[in-house]
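Chain letters run A, B, ... following the sequence lines, proteins first and then strands; every chain starts at 1. Below, each value reflects all heavy atoms present in this structure, side chains not excepted, and no hydrogens, waters or symmetry copies. Nothing here was measured: the structure is a model prediction, and the numbers come from that model.
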Amino acid sequence: MTMLRLTWLLLAKDVRIAARSREVLGFMLLFALLCVVVFAFGFLREGHAAQDQVPGVLWVTLLFTGTVGLLRLFAPEDEAGNLDLVARTRSGTAPLFWSKALLQLLFSGIVTLFLVPIVAVFFDTSLDGLPWIALSLALGLVGQAALGTLAAALLAQVRLREALLPLVLYPLLAPLVLGGVKVTALALTRAPYAAFSGWIELMLAFDLVVVVLSPWLFARVTE
Amino acid sequence: MRLKALTTSLVTFATGFILTAGLAWADGATVAQDLSRYKEESVPGGKLMLIAYMVLWGLVGAYAIRTALRQSRTERDLAALQDRLDHFAGSATPAGAPKAEK
Amino acid sequence: MTETPSKLPLRLLTGLGLGTLLCIAALGWVFFVAPADENLGIVQKIFYFHVGSAFGMLLCLCAASASALIDLMAPNETIDAAGQACTEVGMIFALGVLTSGPLWARKSWGTWWTWEPRLTLTLLVLLIAIAVLVLRSMAAEAQTGRRIGNALAVLAAPVAYLIHIAVQKWGGTHPQVIQGGGIQSSDMRIAFWGSVVALLTLGFSLVALRLRGILLEQHMVRLRLDLSALELQRARNGE
């Protein structure tokens with residue numbers, strides 16, 4: 001069985017589990033909504049939500065919601081107790097890693113599609129520069145999914161993982177969050193691409209690093 | 001064993017030093033801050049400095065003492081353990097039991 | 001074990017003593033020989049040991065990352081222990097940087113904390129170092145902790161470099177760092193490099209001290225296993 005096919009099979013299995021229970025994705029969507037509402041309360045000024053907080057609200061909500069998804073990422077294998085079995089395929093651990101990363105990417109992608117209009121409506125912003133925002137969101141989600149899958153796997157055998165995942169994840173994701181917030185803020189003010197091209201390149205570099213390093217380290221950790 | 005440990009730490013440290021030097025070189029090796037344009041005399045600098053030094057030495061000292069205390073406790077336990085092992089070894093020596101390598 | 005318990009080997013004691021003496025000498029130079037800064041006055045004397053700690057932090061954490069990589073590629077308990085010792089000492093230095101930094105900033109920038117690139121980087125790197133140590137200690141088994149801690153430490157190195165770039169771009173509008181300012185006389189330069197050397201010596205001795213402690217603990221775990229094997233064997237023979 002080739003690696004791609006195996007990855008696809010594992011992903012399809014996870015999607016089927018998720019579709020049947022509808023737990024994780026539903027909870028992520030709900031959590032994202034709650035985050036935005038709470039942030040809107042936090043940044044309310046004279047009855048109006050502050051528009052200039054939109055980039056921060058968007059990215060921090062995505063970060064928090066992604067964490068919620070990551071905590072349940074290895075739950076099916078955890079509950080069945082066969083994580084090491086699934087990891088020991090003939091193509092190594094790569095299919096498991098990529099299927100989980102793609103699942104996380106899928107979930108957070110759906111959350112983002114739901115979140116952006118919600119933020120735009122609640123914070124009364126016109127979404128100028130949407131293509132660039134979309135690009136930064138895509139880069140951010142890819143990096144978050146790759147690094148997050150590794151972090152979730154690191155924490156699979158650790159006590160108190162709910163408390164520790166943010167400790168592992170948030171400092172490492174700083175370049176993505178900083179870059180994403182900057183690009184979103186600049187794109188919202190219709191700045192030209194040159195104004196934030198450096199940030200896009202930085203996010204791209206980050207994605208490259210984690211996409212290469214994470215599966216390699218994943219293989220070393222789950223042996 | 002101790003020599004090996006020291007050599008290892010030396011090698012590790014040297015690796016770190018080379019890496020750091022490389023990073024600093026790539027970064028343009030900025031060492032000092034530009035202080036010239038800030039002239040403000042209302043803040044008691046001496047006190048701040050004193051606190052900074054006290055915290056720094058407190059941290060280093062506390063760490064050194066904690067590590068040393070923990071180590072002497074480990075050594076005590078180790079000696080007790082070794083005694084028990086020697087006591088056992090009198091009756092039967094198991095195959096493959098590593099001798100204390102200190 | 002030839003030595004009596006609770007007695008440190010001479011080499012380590014020498015290292016620690018030398019580090020301490022160098023630090024005292026450097027402090028003496030800083031306070032009694034080096035002149036006070038023309039603009040900032042006495043608070044500038046934080047600078048010498050602040051930057052020295054930053055050097056120590058960078059060195060220790062780079063070494064920790066390198067040894068984590070080595071241990072992942074070719075497992076070696078001593079290298080792993082050295083990496084752990086480096087992470088701990090690096091964390092101590094980072095804490096030193098993060099307390100002396102704001103105290104100095106209060107005087108020179110008029111604020112306790114600015115999201116100045118170096119300060120931000122130090123904070124994030126400290127958080128990552130803490131994460132590595134916590135992961136190690138929270139793992140169900142020591143070997144698992146070793147693997148996941150090292151994986152995180154390896155990932156941390158390139159990511160920390162990207163964080164460095166990111167915070168440089170992000171905090172780019174702050175009152176900034178120029179090349180080689182600050183040091184105004186040769187006495188100051190001696191104080192600066194003297195402090196750096198003294199702190200690095202002390203840091204190296206601390207790493208060696210901690211490394212010895214970790215190796216002793218590993219040895220104790222092995223002895224415990226031996227002992228329980230022996231006890232099991234005796235119980236079997238007794239039957």
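With rounding to the nearest 0.5 angstrom, the CG atom of Leu162(C) is 6.0 Å from the CG atom of Leu202(A). Between atom CD1 of residue Ile163(C) and atom CZ of residue Phe206(A) there is a gap of 7.5 Å, rounded to the nearest 0.5 Å. Here the straight-line distance linking atom CE of Met138(C) with atom CZ of Arg161(A) works out to 13.0 Å at 0.5 Å rounding.
At a threshold of 4.5 Å between non-hydrogen side-chain atoms, the residues Leu135(C) and Leu167(A) do not count as touching.
Residue Leu69(C) touches chain A through its side chain alone, counting heavy-atom pairs closer than 4.5 Å. Residue contact with chain C, scored on non-hydrogen atoms closer than 4.5 Å, involves the backbone and the side chain of Leu154(A) alike. If you measure heavy-atom distances from Leu178(A) to chain C, the contacts under 4.5 Å come from the side chain alone. The part of Trp216(A) that comes within reach of chain C is its side chain, from C-beta onward, which places non-hydrogen atoms under 4.5 angstrom from that chain. Residue contact with chain C, scored on non-hydrogen atoms closer than 4.5 Å, involves the backbone and the side chain of Val221(A) alike. For chain C, the nearby part of Leu147(A) is the side chain; its heavy atoms alone come within less than 4.5 Å. For a residue to count as touching a neighbouring chain, one of its non-hydrogen atoms must lie under 4.5 Å from one of that chain's; by this rule Ala174(A) touches chain C with the side chain only.
When Leu172(A), Val209(A), Leu213(A), Val210(A) are compared by the number of non-hydrogen pairs under 4.5 Å with chain C, Leu172(A) comes out ahead. Here Leu155(C) is the residue among Ile165(C), Leu127(C), Leu155(C), Thr144(C) with the most heavy-atom pairs under 4.5 Å with chain A. Between chain C and the residues Ala151(A), Gly179(A), Ala153(A), Gly198(A), the most heavy-atom pairs under 4.5 angstrom are made by Gly198(A).
Closest approach of Arg220(A) to Arg147(C), counting heavy atoms only: O-CD, 3.1 Å.
Applying side-chain contact (heavy atoms from CB on, under 4.5 Å) to Ile148(C) and the options Leu150(A), Leu155(A), Leu217(A), Val158(A) leaves one that passes, Val158(A).
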